[in-house]
Novice: 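Dropping the structure in here first, questions after.
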Amino acid sequence: MIENRPLFSKLDDLSAQIAVLGLGYVGLPLATVLAEAGYDVVGIDPDQSKVDALNRGTSYIDDVETSQVKKLVEAGSLRGTTDFSEVKDADAVSICVPTPLRKTRDPDLSYIISVAESIAPYMHPEMVVVLESTTYPGTTRELLLPKLIEGRNLIVGEDFYLAFSPERVDPGREDWTTKNTPKVVGGITQTCTMMAAKFYQGAMDSVVPVATAEVAEMTKLLENTFRMVNIGLVNEIAIMCDRMGINVWDVIDAAATKPFGFMKFTPGPGLGGHCIPIDPLFLSWKLRSLNYTARFIDLASEINTGMPRYVVSKVQQALNDQGKALRGSRVLVLGAAYKPDIDDVRESPALDVIGLLQQSGSVVNYHDPYIPELQTDDLSLTSVPDLIKAVAESDCVVIITNHSQYDYQAIYNKAQCIMDTRNALGKIAGGDPKVVGL
Ligand SMILES: NC(=O)c1ccc[n+]([C@@H]2O[C@H](COP(=O)([O-])OP(=O)(O)OC[C@H]3O[C@@H](n4cnc5c(N)ncnc54)[C@H](O)[C@@H]3O)[C@@H](O)[C@H]2O)c1
């Protein structure tokens with residue numbers, strides 16, 4: 001009976017001590033939700049600046065209010081540290097470290113390995129460990145579990161509990177949050193599932209226990225592959241519509257009136273963010289090791305990664321129609337973030353579009369109210385200070401990110417030529433030939 005285990009009662013009355021490992025876009029909101037529920041939470045991160053900010057009661061993640069963090073820190077229910085030995089006092093541990101791809105597009109699980117090695121010495125009986133980082137099926141059982149118990153006499157499902165629970169947060173979204181988005185949980189054993197579910201039930205509105213850790217790992221990859229493939233499909237529909245002279249946005253709006261059997265996805269300059277362009281590649285990588293080619297993923301990836309080049313070809317065509325060459329033209333890119341109203345440039349197609357425009361000899365500037373500086377391995381740019389002046393002085397404006405605070409009427413009025421990859425101008429353009437779309 002799981003109810004008779006010592007950990008169960010601590011989770012039941014919320015007296016359990018929680019450690020959240022990794023205080024980024026996923027970890028900080030999670031730590032906040034757990035602390036708000038009444039748990040005593042410590043966030044552990046090697047990044048001293050994040051730990052210091054947390055301990056000052058300051059949020060550095062848009063989705064979390066500073067007032068919320070401040071209240072919890074002052075109440076003593078949330079704090080940060082760089083000291084992994086605090087795990088020895090933790091009853092529950094959530095791991096929210098990055099899982100990027102290497103340059104070769106293979107999964108880089110070094111952060112999971114490193115965190116496992118950091119906490120292994122402090123593993124103790126009656127604790128639950130949950131991996132939240134997105135990864136390929138099998139990681140929790142085949143990679144994390146052996147690292148956690150290396151050289152220790154701890155039996156999973158009996159002495160301690162291990163599960164996977166995918167984070168599903170959509171940064172910038174207010175209706176579905178860490179707290180009210182159903183939390184899928186799958187353990188190494190059934191007892192592990194039940195204990196991890198109990199942990200999250202204390203703080204989340206709804207928990208969905210599933211049969212195994214692998215089901216939970218695969219669930220996340222299905223969700224993000226579904227998005228990636230459908231975005232790839234609608235991007236190709238946009239290219240097809242362009243060939244036929246049909247407005248793709250009119251087609252999508254009309255199709256979306258169907259009350260069943262259709263889900264609206266919109267085309268754009270390419271995929272961005274830490275999840276949709278990357279997560280499905282975990283799956284295709286894993287399948288390659290099993291001699292299977294994930295064809296939908298490969299095809300969608302090919303179409304989506306081709307979109308920045310397609311956008312630049314449309315800019316070239318639009319300038320050509322005005323008797324100008326891409327080389328030497330002043331091009332202003334609006335929006336560097338990968339989606340509206342956030343400050344995240346990870347994998348943003350804006351970076352590719354800017355790079356390709358520069359390679360073609362254009363003089364490129366950008367504006368983004370959320371991103372004052374753009375520093376990457378290949379780019380070093382500063383957002384133009386006066387948006388409308390820069391619009392007026394540019395040969396072409398390329399709308400990459402449709403931030404809601406932009407005054408699109410003013411941009412339209414002043415621009416000589418606009419490539420609108422998001423249909424941000426909508427009806428404003430009214431068929432004006434100076435505005436082109438995908
Ligand atoms: N950002 C999202 O929208 C999102 C959504 C769902 C799932 N995810 C997944 O969640 C995971 C975390 O993503 P994120 O966006 O929060 O990343 P992030 O880069 O914002 O945060 C990760 C944090 O982990 C810290 N860290 C690095 N090594 C560590 C270690 N050894 N121990 C403890 N902390 C360590 C980093 O300093 C950083 O603060 C990834 O697997 C990601 O795919 C992200």
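Positions are given from 1 along the sequence. This structure is a prediction, so every number in the text was calculated from the model and none was measured.
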Novice: Table please: side-chain donor-acceptor pairs of residues 279-289 below 3.5 Å, with sequence neighbours left out.
Specialist:
{"unit_1": "Asp279", "atom_1": "OD2", "unit_2": "Asn224", "atom_2": "ND2", "d": "2.5"}
{"unit_1": "Ser284", "atom_1": "OG", "unit_2": "Leu281", "atom_2": "O", "d": "3.3"}
{"unit_1": "Ser289", "atom_1": "OG", "unit_2": "Lys286", "atom_2": "O", "d": "2.5"}

Novice: If you draw a 6.0 Å radius around CZ in Arg227, do more than 12 non-hydrogen atoms from other residues or ligands fall strictly inside?
Specialist: no

Novice: Surrounding OH of Tyr111 (heavy atoms of other residues, nucleotides or ligands, distance under 6.0 Å), is the total greater than 12?
Specialist: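 12 or below, so no.
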
Novice: Kindly say whether the aromatic ring centers of Tyr406 and His367 come within a distance under 6.0 Å.
Specialist: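 So the answer is yes for these two rings.
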
Novice: Mind checking whether Arg330 and Asn365 have side chains closer than 4.5 Å, heavy atoms only?
Specialist: no

Novice: Are Val130 and Val128 packed together at the side-chain level, in the sense that at least one heavy-atom pair is separated by less than 4.5 angstrom?
Specialist: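 Touching, per the 4.5 Å side-chain cut-off.
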
Novice: How about Ser301 and Asp298: does a side-chain donor come under 3.5 Å of a side-chain acceptor?
Specialist: no

Novice: Determine whether Phe164 and Val215 satisfy the following criterion, side-chain contact (heavy atoms from CB on, under 4.5 Å), listing intermediate values before the conclusion.
Specialist: CA-CA 9 Å; Phe164 182 84; Val215 170; over 6 Å; no

Novice: Can you find a pair of side-chain heavy atoms, one from His403 and one from Asp368, that are under 4.5 Å apart?
Specialist: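 Yes. Closest side-chain heavy atoms under 4.5 Å.
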
Novice: For the residue pair Gln416 / Gln322, report whether a side-chain donor-acceptor contact shorter than 3.5 Å exists.
Specialist: no

Novice: When you check the gap from the basic side-chain N to the acidic O, do Lys264 and Asp253 get nearer than 4.0 Å?
Specialist: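 Result for this pair is yes, salt bridge flagged.
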
Novice: Could you give the side-chain donor-acceptor pairs of residues 99-109 under 3.5 Å, partners two or more places apart or in another chain?
Specialist:
{"unit_1": "Thr99", "atom_1": "OG1", "unit_2": "Thr134", "atom_2": "O", "d": "2.7"}
{"unit_1": "Asp108", "atom_1": "OD1", "unit_2": "Ser110", "atom_2": "N", "d": "3.0"}
{"unit_1": "Asp108", "atom_1": "OD1", "unit_2": "Ser110", "atom_2": "OG", "d": "2.6"}

Novice: Who pairs with Ala35 by side-chain contact (heavy atoms from CB on, under 4.5 Å), at least two apart in sequence or on another chain?
Specialist: Val41, Leu72, Ser77, Leu78

Novice: If you count heavy atoms of other groups shown closer than 6.0 angstrom to CD of Gln409, is the number above 12?
Specialist: yes

Novice: Under a 4.5 Å cut-off applied to non-hydrogen side-chain atoms, are Asp432 and Tyr412 in contact?
Specialist: yes

Novice: Quick one: do the Lys324 and Ser329 side chains pair a donor with an acceptor below 3.5 Å?
Specialist: no

Novice: Determine, step by step, whether Asp175 and Arg173 satisfy the salt bridge (Lys or Arg N to Asp or Glu O under 4.0 Å) criterion, reporting the C-alpha distance in whole Å, the side-chain angles of both residues, the deciding distance to 0.1 Å, and the verdict.
Specialist: CA-CA 6 Å; Asp175 49 353; Arg173 191 166 191 134; 2.7 Å; yes

Novice: Closer than 3.5 angstrom, by distance alone: can the side chain of Lys314 be matched with the main-chain N or O of Val436 as a donor-acceptor pair?
Specialist: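 Between the backbone of Val436 and the side chain of Lys314 there is no qualifying donor-acceptor contact (under 3.5 Å).
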
Novice: Quick one: does Gln68's side chain have a donor or acceptor within less than 3.5 Å of a partner on Glu65's backbone?
Specialist: yes

Novice: Decide salt bridge (Lys or Arg N to Asp or Glu O under 4.0 Å) for Lys183 and Asp205; before the verdict, give the C-alpha distance in whole Å, the side-chain angles of both, and the deciding distance to 0.1 Å.
Specialist: CA-CA 8 Å; Lys183 193 97 181 97; Asp205 292 356; over 6 Å; no

Novice: Do Ser94 and Tyr200 get their side chains close enough for a donor-acceptor pair, meaning under 3.5 Å?
Specialist: yes

